[in-house]
Amino acid sequence: MEDKMLYTLTDVAAALSVGRSKVYELVRSGALPSVRIGGSRRVRGEDLADYVDSLERVSASAPLAGAR
């Protein structure tokens, strides 16, 4: 992803390969911080990177499905 300061929720959905509704869910739950500019929501690049890093930490500590 290019180095922008702020990303639209559509940009975030594309970067994460998820639907926009999932991004809205993450923002509503507080898992992905966002800022409001006028009537629009934006996600800071640092917050997006932090969110992805947190996924890596959770994945690393969780056992694989079907693993014994």
Side-chain angles (χ1 to χ4, degrees):
M1 221 167 167
E2 60 189 73
D3 292 326
K4 292 196 256 184
M5 291 180 69
L6 297 170
Y7 295 93
T8 67
L9 299 188
T10 301
D11 291 340
V12 172
L16 296 177
S17 298
V18 299
R20 274 188 349 159
S21 59
K22 181 62 177 178
V23 175
Y24 279 92
E25 178 184 319
L26 293 169
V27 167
R28 262 193 303 279
S29 73
L32 181 61
S34 67
V35 296
R36 182 174 286 284
I37 298 178
S40 301
R41 280 267 168 215
R42 298 288 187 264
V43 174
R44 294 180 330 142
E46 302 86 28
D47 290 332
L48 180 55
D50 289 346
Y51 174 73
V52 171
D53 288 344
S54 75
L55 294 176
E56 291 174 354
R57 286 191 297 274
V58 169
S59 295
S61 65
L64 293 175
R68 294 181 187 227

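Counting begins at 1 with the first residue of the sequence.
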Which residues pass the side chain to side chain contact (heavy atoms under 4.5 Å, CB included) test with Thr10, sequence neighbours left out? Thr8, Arg20
For residues 26-34, dump all side-chain donor-acceptor pairs below 3.5 Å to protein atoms at least two apart in sequence or in another chain.
unit_1	atom_1	unit_2	atom_2	d
Ser29	OG	Glu25	O	3.3
Ser29	OG	Leu26	O	3.0
Ser29	OG	Ala31	N	3.3
Ser34	OG	Arg41	NH1	3.0

same_hphob_cluster(Leu6, Leu9) at 4.5 Å side-chain heavy-atom cutoff: no
Could you check if a side-chain atom of Tyr51 sits within less than 4.5 angstrom of a side-chain atom of Leu16, using non-hydrogen atoms only? yes
Sequence neighbours excluded, the answer for salt bridge (charged side-chain N to carboxylate O under 4.0 Å, His left out) partners of Arg44 is Glu46, Asp47
Treating Ile, Leu, Val, Met, Phe, Trp and Tyr as nodes and any side-chain heavy-atom pair under 4.5 angstrom as an edge, say whether Leu48 and Val18 lie in one connected cluster. yes
